[in-house]
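Throughout, protein chains are lettered first and strands after them, A, B, ... in sequence-line order, and every chain is numbered starting at 1.
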Amino acid sequence: MRVKVTVMLKEGVLDPQGKAIGHALHTLGFGEVGDVRAGRVIELELDETDQGRALSRAEAMAQRLLANSVIETFAAEVLA
Amino acid sequence: MRAGIVVFPGTNRERDMAIALQGATGTQAVMLWHRDTVLPALDLVVLPGGFSHGDYLRCGAMAAHSPIMTAVRSFAEAGGHVLGVCNGFQILTEAGLLPGALLRNAGLRFLSHDCHLRVEREGTAFTRGWSAGDVFRAPLAHGDGNYVADRETLERLDGDGLVAFRYSDAAGRVDAGTNPNGSAGNIAGVFSRNLRVLGLMPHPEDLVDPLMGGIDGKPLFDGLVQALAA
């Protein structure tokens, strides 16, 4: 079973990468772009058939390693 | 003072640290491999600078879960002294041994230049060689040194005197103009609650000999020897 974990900087934490991407998009003429936030997607292949268990294991992994709760939030989602 | 230096894959400042420690102690520090699970009898554990595990995921995130960090955590909990410089500071925050986190520099650039640090807390094992308000020069070299913590943590650090150093100018002025990387409150280094764990981004170990261009970093190591000499 595949689980996708999306890690984003918390609201209010300055995201200089997102800002730089926003500036580049403006330079390319995409003037409609406002705030840009950059994060990280981690796909996990789990030896697990139960969706609920897969999700709770992925959340445990995010809490222990994949995300740093001081600066980041995460969301886990079963892909298939 | 018996000192041990932890080496992770990608660590690259361990020999600079060993030279600085030897200059102060007259004895060689022990190199410890990240897979070790037991520490020898030590007075000080140092996590040096570098790019442990290639900075993958987040700087210091992988190293914080290395086998040796269980032993380093027990050492710290038993009152041992731990110094983390640059990547070592990042590892200590990722391991939860120091509060806060280090984000990408606000200007996005990797910075490599000298900076000035103002001593905020005197009288600790690490800062007894200075007085509060003293300013010293230190080289910095990092891409992720932007110190952040939530408001309550920053207030606690301030209130409890747990800020070790702030980025300043040569005269000790601390403001946005003397902040190289966007760190909250210009914080360059912080202590644990018991003042026995210190993390800082700049490299005092790289300014301990006139041949290096100065000895501004020496008080850190000489002070540690005075405090921890067995």
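The local environment of OH in B:Y56 is sparse, with at most 12 non-hydrogen atoms from other residues, nucleotides or ligands closer than 6.0 Å. The local environment of CD in A:E11 is sparse, with at most 12 non-hydrogen atoms from other residues, nucleotides or ligands closer than 6.0 Å. Within 6.0 Å of NE2 on A:H26 lie more than 12 heavy atoms contributed by other residues, nucleotides or ligands. For A:R57, the CZ atom is loosely surrounded, since the number of other residues' heavy atoms within 6.0 Å does not exceed 12. Counted within 6.0 Å of CZ on B:R109, heavy atoms from surrounding residues, nucleotides or ligands total 12 or fewer; the atom is thus considered open.
Residue A:V7: no heavy atom, backbone or side chain, is found under 4.5 Å from chain B.
Contact residues of residues 68-80 of chain B toward chain A are absent (heavy-atom distance under 4.5 Å). Annotation: residues 149-185 of chain B contacts chain A through no residue [non-hydrogen atoms, separation under 4.5 Å].
Under a 3.5 Å cut-off, the side chain of A:R40 and the backbone N or O of B:L57 do form a donor-acceptor pair.
By the 4.5 Å heavy-atom criterion applied to side chains, A:V70 and B:T93 are not counted as neighbours. By the 4.5 Å heavy-atom criterion applied to side chains, B:L103 and A:L14 are not counted as neighbours.
Contact count against chain B (heavy-atom pairs under 4.5 Å) is highest for A:E72 among A:E72, A:K19, A:K10.
Counting all heavy atoms, side chain and backbone alike, B:R58 lies closest to A:L66 at NH1-O, 2.9 Å. Scanning both residues, B:H65 and A:L65, for their nearest heavy atoms gives CD2-CD1, 3.4 Å. Between B:A106 and A:P16 the shortest heavy-atom distance is O-CB, 3.6 Å.
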